[in-house]
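Indexing begins at 1, ligand by ligand and atom by atom, following the structure's order. As a basis for the values below, the full set of heavy atoms in this structure was taken, side chains included, without hydrogen atoms, waters or symmetry mates.
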Amino acid sequence: MDFLEVIEKRHSVRAFTGEAVPRFLLDELIEDARTAPSSKNCKSSGFMILEDPDLIAAVGQMRDGGSHFLSQAPAAIVVLGDSAKSDMWVENSAISATFIQLSAVAHGLGTCWVQVRGRDRTLPDGSRQLAEDYLRDLLGIKEDYSVLCVIAVGYEG
Ligand SMILES: Cc1cc2nc3c(=O)[nH]c(=O)nc-3n(C[C@H](O)[C@H](O)[C@H](O)COP(=O)(O)O)c2cc1C
């Protein structure tokens, strides 16, 4: 697909067909994201591919709203940043996430960015929990890594 067509076609997709995304395509999205520029070429971004439906649905519970549609997505990519490696991890990870979204269009896939950084959820006792802390426990994310967003991936429904 022509690059300008990719740019024009990209839009947020929050409803998906039930079709699974082949693993090699998800790997290609990550490969493309790894070509993204980064401050001092530090490559601080990290990625986790999620394919387990129950786990993706649990990730969707990280916020009170804006993330629940994830339970419909056949796949999701968690975009992380090594904050020990670079104070520019947010910028680097945002570019990486954007590369994933554009690459997905070129591969016939739909995506939607779900924000994690700075967002939270309400616990049963009324207190707040950062979405990042919830995901850290759920996914076993190491302390050095911060979480920018989760990209829902699938075929547009
Ligand atoms: C930094 C950022 C955070 C976003 N967070 C969410 C989110 O938490 N949930 C969601 O459904 N969409 C989220 N989006 C998607 C935007 O709502 C969407 O890109 C915007 O409405 C424009 O629509 P379009 O992507 O179809 O052009 C986010 C997008 C960006 C760039």
Discussion item. Which residues pass the side-chain contact (heavy atoms from CB on, under 4.5 Å) test with V13, not counting sequence neighbours?
Written reply: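 Here the qualifying residues are H11, F16, E156.
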
For [X] and [Y], indicate whether the former's side chain and the latter's backbone hold a donor-acceptor pair under 3.5 Å.
X: S93; Y: V90; value: no
X: S38; Y: K43; value: yes
X: S103; Y: F99; value: no

Discussion item. Does this structure show an ion pair linking E132 with R117, if we count only N-O contacts that are shorter than 4.0 Å?
Written reply: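 Looking at R117 together with E132, the answer is no, because their closest N to O distance does not fall below 4.0 Å.
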
Tabulating one pair per line, provide the atom names and distances (0.1 Å) for every N/O atom of ligand 1 that is less than 3.5 Å from a protein N/O atom.
{"residue": "ligand 1", "atom": "8 (O)", "partner": "R63", "partner atom": "NH1", "Å": "2.6"}
{"residue": "ligand 1", "atom": "8 (O)", "partner": "Q115", "partner atom": "N", "Å": "3.1"}
{"residue": "ligand 1", "atom": "9 (N)", "partner": "G66", "partner atom": "O", "Å": "2.9"}
{"residue": "ligand 1", "atom": "11 (O)", "partner": "R14", "partner atom": "NE", "Å": "2.8"}
{"residue": "ligand 1", "atom": "11 (O)", "partner": "R14", "partner atom": "NH2", "Å": "3.4"}
{"residue": "ligand 1", "atom": "12 (N)", "partner": "R14", "partner atom": "NH2", "Å": "3.2"}
{"residue": "ligand 1", "atom": "12 (N)", "partner": "W113", "partner atom": "O", "Å": "3.2"}
{"residue": "ligand 1", "atom": "14 (N)", "partner": "W113", "partner atom": "O", "Å": "3.3"}
{"residue": "ligand 1", "atom": "17 (O)", "partner": "R14", "partner atom": "NH2", "Å": "3.2"}
{"residue": "ligand 1", "atom": "19 (O)", "partner": "S12", "partner atom": "OG", "Å": "3.3"}
{"residue": "ligand 1", "atom": "25 (O)", "partner": "R10", "partner atom": "NH1", "Å": "2.9"}
{"residue": "ligand 1", "atom": "25 (O)", "partner": "R10", "partner atom": "NH2", "Å": "3.4"}
{"residue": "ligand 1", "atom": "25 (O)", "partner": "S12", "partner atom": "N", "Å": "3.3"}
{"residue": "ligand 1", "atom": "25 (O)", "partner": "S12", "partner atom": "OG", "Å": "2.5"}
{"residue": "ligand 1", "atom": "26 (O)", "partner": "S12", "partner atom": "N", "Å": "2.8"}
{"residue": "ligand 1", "atom": "27 (O)", "partner": "R10", "partner atom": "NH2", "Å": "2.9"}

Discussion item. Could you check whether atom CZ of R121 has more than 12 heavy atoms from other residues, nucleotides or ligands sitting under 6.0 Å from it?
Written reply: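 Atom CZ in R121 is crowded, with more than 12 foreign heavy atoms closer than 6.0 Å.
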
